[in-house]
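Heads up, the thing below is written out as structure tokens.
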Amino acid sequence: MATLKDIAEQVGVSQTTVSRVLNRDPSLSVTDETRKQVIRTAAVMGYKKAIQMQAGEKETPPAESREFRVGIAQMFDMKELQEDMYYMAMKNILDEECFGRQWSTVPLFRDEHQRFVRNNELPLDGLFAIGRFTEEEIANFREYTDNIVFLDSDPDPLKYYSILPNYHLAIRLAMGHFRENGYDQAAYAGSVCTFGHLKESAMDARFYYYRADQMSRNCFDPDLVLDCAMNARGGYEAMTAFLKRRGSAPNALFIASDSIAPGVLMALQEHKIQVPRDISIITFNNTVLSEYSNPPLTSVEVYMKENVRAAAFCMELLWQGDTRGKRVVVPCGLVLRDSVRPETNEHFAGKGETCLCSDCGEKS
């Protein structure tokens with residue numbers, strides 16, 4: 001029996017177009033000739049639904065009443081997701097958004113050949129790709145559908161819809177808050193180079209804007225860059241090595257991911273360095289790892305719900321025939337907690353003098 005892929009290859013359109021024609025989707029923007037060619041080709045190849053359509057039978061409900069099926073592919077496997085709560089949270093929010101819109105979600109998994117596969121042969125109306133993917137992986141996605149929306153990457157702005165957080169704004173907010181509290185110079189903990197938009201090695205956007213910010217004020221110091229993996233182990237090892245090399249902690253530290261923060265805090269605690277008394281910290285992502293740290297950490301919040309809603313809106317535009325690529329950049333915010341204190345408010349005035357903090361009367 002002929003498949004949607006067979007029909008699509010014969011006509012020269014996507015599988016999604018074939019599916020929507022055969023499901024009588026009124027929002028599909030194709031010519032009448034293309035629509036007729038799809039039905040005619042499918043009928044010749046023995047596709048039951050097309051034969052019924054040519055016979056005038058009405059067995060398929062209109063597109064408004066049927067459930068759309070969207071695939072979800074993730075860059076990380078399950079083990080990697082457990083070390084990066086950001087992408088796991090993004091997937092959960094996307095599932096909720098699709099459920100609210102009555103879209104059925106179909107997870108795609110890597111097989112033993114690292115190809116993305118699904119657990120059934122039902123056609124997909126669209127696909128959300130979370131993270132960064134190679135050209136080969138993207139070609140794999142296109143075997144299922146041409147309606148692809150990328151979250152957190154932009155592989156080809158001329159072809160695809162992509163949703164990105166505003167990294168430039170994120171760094172401006174973090175470094176601006178440091179400066180408001182007297183810190184012109186701050187250290188950086190995170191990967192200097194991470195996956196680029198096509199999963200190639202590229203300078204991380206957070207580090208790029210951090211370095212640009214520090215260089216614009218003539219205070220960039222390469223020795224204050226803790227280049228580490230984006231996980232707790234990487235943060236612990238990098239901070240431990242930094243303290244061994246320098247003998248003291250930096251006054252201020254920007255951590256490029258909440259996933260790094262537990263390791264950094266453990267290293268600081270082992271050296272009896274307290275936050276924020278001895279070091280002020282701002283993290284990125286604002287997951288529960290920053291919210292429930294001790295102390296709770298000031299963090300840049302990526303508005304994941306807004307990113308997901310933008311992705312869903314873009315998917316609907318694709319279904320309406322608007323296939324020209326677009327990049328949507330979603331703002332970030334700064335959630336203030338207890339990990340940054342003014343540098344000018346020294347905790348102790350000096351030996352034998354009264355503490356300058358307004359909330360205590362300790363003697364140094």
Side-chain angles (χ1 to χ4, degrees), residues 1-64 66-73 103-104 106 108 111 113-129 133-150 153-162 197-198 311 313-327:
M1 176 179 168
T3 65
L4 294 178
K5 184 178 180 181
D6 296 332
I7 300 167
E9 290 176 350
Q10 185 69 25
V11 179
V13 296
S14 70
Q15 293 181 59
T16 302
T17 298
V18 173
S19 173
R20 293 172 69 186
V21 167
L22 298 180
N23 280 295
R24 296 187 175 94
D25 184 349
S27 68
L28 178 63
S29 178
V30 296
T31 64
D32 288 340
E33 180 56 35
T34 297
R35 196 182 300 271
K36 291 177 182 177
Q37 187 179 2
V38 169
I39 297 172
R40 184 167 56 248
T41 300
V44 169
M45 298 178 74
Y47 201 80
K48 180 180 177 181
K49 184 173 291 187
I51 296 172
Q52 293 171 332
M53 292 174 72
Q54 285 197 329
E57 296 181 23
K58 298 179 179 180
E59 52 86 28
T60 304
E64 295 89 339
R66 73 177 181 86
E67 186 176 61
F68 285 91
R69 285 183 294 274
V70 293
I72 299 180
W103 299 348
S104 176
V106 179
L108 274 66
D111 63 13
H113 304 295
Q114 295 301 300
R115 285 179 54 80
F116 283 93
V117 296
R118 51 190 172 155
N119 58 8
N120 60 57
E121 291 301 317
L122 295 174
L124 297 179
D125 298 295
L127 190 151
F128 294 105
F133 301 89
T134 65
E135 291 182 347
E136 291 76 14
E137 289 170 331
I138 294 171
N140 186 182
F141 297 155
R142 292 182 65 120
E143 294 175 12
Y144 296 110
T145 177
D146 288 330
N147 297 327
I148 307 172
V149 178
F150 290 88
S153 68
D154 187 13
D156 189 338
L158 295 178
K159 281 186 180 180
Y160 302 111
Y161 280 80
S162 62
H197 291 301
L198 284 171
F313 174 73
C314 289
M315 185 63 74
E316 291 179 330
L317 290 179
L318 284 169
W319 290 340
Q320 293 167 16
D322 187 353
T323 58
R324 188 182 298 276
K326 294 178 179 61
R327 171 188 288 181

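Each residue takes its place number in the sequence, starting with 1.
With a 4.5 Å cut-off on side-chain heavy atoms, Leu198 and Ile138 count as touching. The shortest side-chain heavy-atom distance between Leu124 and Val106 falls under the 4.5 Å cut-off.
Put simply, the residue from Asn147, Ile148, Val149, Asp322 that forms a side chain to side chain contact (heavy atoms under 4.5 Å, CB included) with Cys314 is Val149.
Taking the side chain to side chain donor-acceptor pair (under 3.5 Å) definition, one finds that Asn140 meets it with nothing, sequence neighbours left out. For Tyr160, the ring-ring contact (aromatic ring centres under 6.0 Å, His included) partners two or more places apart in sequence, or in a different chain, are Phe150. Residues forming a side chain to side chain contact (heavy atoms under 4.5 Å, CB included) with Gln37 (at least two apart in sequence, or on another chain): Val11, Arg40, Thr41.
Ring to ring, Tyr144 and Phe116 are not that close: their centroids are 6.0 angstrom or more apart.
When all heavy atoms are compared, the tightest approach of Ser153 to Ser162 is O-CB, 3.1 Å. Taking each heavy atom of Ala129 and Phe141 in turn, the nearest pair found is CB-CE1, 3.9 Å. Of all heavy-atom pairs between Thr145 and Asp125, the closest is OG1-O, 3.8 Å.
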Working for side chain to side chain contact (heavy atoms under 4.5 Å, CB included), residues Asp146 and Thr323
CA-CA 9 Å; Asp146 288 330; Thr323 58; over 6 Å; no

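By the neighbour-count criterion of 12 heavy atoms within 6.0 Å, atom CD of Glu135 is sparsely surrounded, having that number or fewer from other residues, nucleotides or ligands.
In this structure, Lys36 NZ and Thr31 OG1 are separated by 9.5 Å, a value rounded to the nearest 0.5 Å. The CD atom of Glu316 sits 4.5 Å away from the CH2 atom of Trp103 when rounded to the nearest 0.5 Å. Distance check: Lys159 NZ to Arg324 CZ gives 14.0 Å after rounding to the nearest 0.5 Å. The OG1 atom of Thr17 sits 10.5 Å away from the CG atom of Leu22 when rounded to the nearest 0.5 Å. Note that NZ of Lys326 and CG of Asp154 are 12.5 Å apart. Values are rounded to the nearest 0.5 Å. A distance of 10.5 Å separates CZ in Arg327 from CG in Leu158, rounded to the nearest 0.5 Å.
For Arg69 (side chain) and Pro123 (main-chain N/O), a donor-acceptor pair under 3.5 Å exists by modelled atom type.
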